[in-house]
Q: 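Right, I'll just put the structure down here and ask away after.
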Amino acid sequence: MEKVKLDNKRILFNLLPAHVAQHFLMSNPRNMDLYYQSYSQVGVMFASIPNFNDFYIELDGNNMGVECLRLLNEIIADFDELMDKDFYKDLEKIKTIGSTYMAAVGLAPTAGTKAKKCISSHLSTLADFAIEMFDVLDEINYQSYNDFVLRVGINVGPVVAGVIGARRPQYDIWGNTVNVASRMDSTGVQGRIQVTEEVHRLLRRGSYRFVCRGKVSVKGKGEMLTYFLEGRTDGNGSQTRSLNSERKMYPFGRAGLQTRLAAGHPPVPPAAGLPVGAGPGALQGSGLAPGPPGQHLPPGASGKEA
């Protein structure tokens, strides 16, 4: 019986944030009212892989799309592993929606001096996580011989968090802040992190570099002034992380593979589900075909340093 209780507790803590799971464990099971909590300042991020839908295809060669989903699971699992770093302990994964990863910061209860941790510090953690997600996806692209791109949107503001459902309870957050964060993603540019004016205001005094994109038409909000987060610098002004720096990019197709071999580099490992040593030709018709030659960071809208 004790083992069953421990297993149930482990499952609950996997389903819900730690402080929410603890709330339910301490509550009277006969009085399971709706759990909700309002927050005045929460950072919300949506990170999507817009070209995954083009990648997904159901063919006999890829087990009717299963291998495509296997690769998506690897991507999401690697994002989860990144969030498990102690540096990102204040972040909370909310959910995945298809190939979109949703996370937030500022939801965990704090006490004492930690309660005064400003939203700028929380947003800084979220911004660093978003930047590092690009590195994680670059590595997966290299290992799977693909060219997935990331598009990120970040907003900050009040939200309401709660748990919905008795069976398979779902922790989620709601509010205009969440809707705008989603729009920052959907109206963004592939390979860029688009943020609202408020996020820019809170982070611009720190070590982050921004470019003003200008006004963007946002559904339900009209014209909004937005910015691209370009990266961050250290205290001396030296570039430490940048989305515009040369990323891990490799030529695709048979000619690209021959170029790597001629240069003395090993061939890129095959995509998931393909036999070791399979070249680009084996990818065709498998649903795991690499995209055309291109860059991870396509040029976005013109802007100026902000």
Q: Please examine the side chains of Leu126 and Leu91, heavy atoms only from C-beta on, and report whether any two atoms are closer than 4.5 Å.
A: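 A side-chain contact exists here, since the closest heavy-atom pair is under 4.5 Å.
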
Q: Using the rule given for side chain to side chain contact (heavy atoms under 4.5 Å, CB included), can you reason through Val216 versus Gln194, listing the C-alpha separation, both sets of side-chain angles and the distance that settles it, and then say yes or no?
A: CA-CA 11 Å; Val216 176; Gln194 181 173 231; 3.7 Å; yes

Q: Output yes when a side-chain donor or acceptor of Tyr208 lies under 3.5 Å from a complementary backbone atom of His200, and no otherwise.
A: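 Side chain of Tyr208 to backbone of His200, a donor-acceptor pair under 3.5 Å: no, none is there.
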
Q: How far does CG of Asn51 sit from CD of Gln190, to the nearest 0.5 angstrom?
A: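 If I round to the nearest 0.5 Å, the distance is 6.0 Å.
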
Q: For the CE atom of Met224 and the CZ atom of Arg213, what is their distance to the nearest 0.5 Å?
A: 12.0 Å

Q: Membership question, hydrophobic clusters at under 4.5 Å side-chain separation (ILVMFWY): are Tyr88 and Ile76 in the same one?
A: yes

Q: Would you check if Met45 and Tyr101 make a side-chain contact, meaning some heavy-atom pair closer than 4.5 Å?
A: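 Met45 reaches Tyr101 side chain to side chain.
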
Q: With a 4.5 Å cut-off on side-chain heavy atoms, are Leu203 and Arg232 touching?
A: no

Q: Take Ser48 and Asp185 through the side-chain hydrogen bond (donor to acceptor under 3.5 Å, both in side chains) test and state the conclusion after the steps.
A: CA-CA 7 Å; Ser48 63; Asp185 168 27; 2.8 Å; yes

Q: Answer with yes or no whether the hydrophobic clustering places Tyr227 together with Ile119; edges join I, L, V, M, F, W, Y residues whose side-chain heavy atoms lie under 4.5 Å apart.
A: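 Yes, Tyr227 connects to Ile119 through the hydrophobic network.
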
Q: Between atom CG of Leu202 and atom OG of Ser121, what is the distance when rounded to the nearest 0.5 Å?
A: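 Result: 11.5 Å between the selected atoms.
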
Q: For residues Ser186 and Arg151, report the shortest heavy-atom separation together with the two atoms involved.
A: CA-NH2, 3.9 Å

Q: Evaluate Thr125 against His122 for side chain to side chain contact (heavy atoms under 4.5 Å, CB included), listing each step before the verdict.
A: CA-CA 5 Å; Thr125 304; His122 280 315; 5.5 Å; no

Q: Would you call Val195 and Phe210 a side-chain contact if the rule is heavy atoms closer than 4.5 Å?
A: yes

Q: Would you call Glu92 and Met83 a side-chain contact if the rule is heavy atoms closer than 4.5 Å?
A: no

Q: Measure across Leu123 and Gly43 and return the closest heavy-atom pair with its distance rounded to 0.1 Å.
A: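 Between these two residues, the closest heavy atoms are CD2-CA, 4.0 Å.
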
Q: Any side-chain hydrogen bond (donor to acceptor under 3.5 Å, both in side chains) involving residues 214-223? Give me the pairs, sequence neighbours left out, ordered by first then second residue.
A: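 As it turns out, there is no side-chain hydrogen bond (donor to acceptor under 3.5 Å, both in side chains) pair with a partner in residues 214-223 once direct neighbours are skipped.
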
Q: Side chains of Gln41 and Val156: does their closest heavy-atom pair fall under 4.5 Å?
A: yes

Q: Could you check if a side-chain atom of Leu71 sits within less than 4.5 angstrom of a side-chain atom of Phe148, using non-hydrogen atoms only?
A: yes

Q: Return the CG to CZ distance between Leu69 and Phe52, rounded to the nearest 0.5 Å.
A: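 Reported value, rounded in 0.5 Å steps: 5.5 Å.
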
Q: Hydrophobic clustering (ILVMFWY, side-chain heavy atoms < 4.5 Å, transitive) - are Phe129 and Ile140 grouped together?
A: yes

Q: Cluster question for you: counting only ILVMFWY and a side-chain heavy-atom cut-off of under 4.5 Å, with indirect links fine, are Ile193 and Ile49 together?
A: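 In one cluster: yes.
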
Q: When you compare the side chain of Val178 with that of Ser182, does any pair of heavy atoms fall below 4.5 Å?
A: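 Side chain of Ser182 against side chain of Val178, heavy atoms only: no contact under 4.5 Å found.
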
Q: So which atom in Gly106 and which in Tyr39 form the shortest heavy-atom distance, rounded to 0.1 Å?
A: O-CD2, 3.6 Å

Q: In Å, rounded to the nearest 0.5 Å, how long is the span from CZ of Phe55 to OG of Ser144?
A: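 Taking CZ in Phe55 and OG in Ser144, the distance rounds to 7.0 Å.
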
Q: Carefully, step by step, assess Ile75 and Leu137 under the rule side chain to side chain contact (heavy atoms under 4.5 Å, CB included).
A: CA-CA 7 Å; Ile75 293 171; Leu137 191 59; 4.1 Å; yes

Q: Would Ile97 and Phe46 count as a side chain to side chain contact (heavy atoms under 4.5 Å, CB included) if you check the C-alpha gap in whole Å, the side-chain angles of each, and the deciding distance to 0.1 Å?
A: CA-CA 10 Å; Ile97 312 160; Phe46 284 83; 4.3 Å; yes

Q: Could you report the tightest heavy-atom contact between Ala161 and Trp174, atom names first, then the distance?
A: C-CZ3, 4.1 Å

Q: Ignoring hydrogens and geometry, is there a side-chain-to-backbone donor-acceptor pair from Asn155 to Met184 under 3.5 Å?
A: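 Answer holds: no.
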
Q: Nearest 0.5 angstrom please: Met102 CE to Asp172 CG, how far?
A: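 The distance works out to 5.5 Å.
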
Q: Are Val152 and Val136 connected into the same hydrophobic cluster when the rule is that any two of I, L, V, M, F, W, Y join if their side-chain heavy atoms are below 4.5 Å apart?
A: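 Val136 and Val152: one cluster.
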
Q: For Ala104, give me all partners under side-chain contact (heavy atoms from CB on, under 4.5 Å), at least two apart in sequence or on another chain.
A: Val42, Ile94, Leu107, Ile173

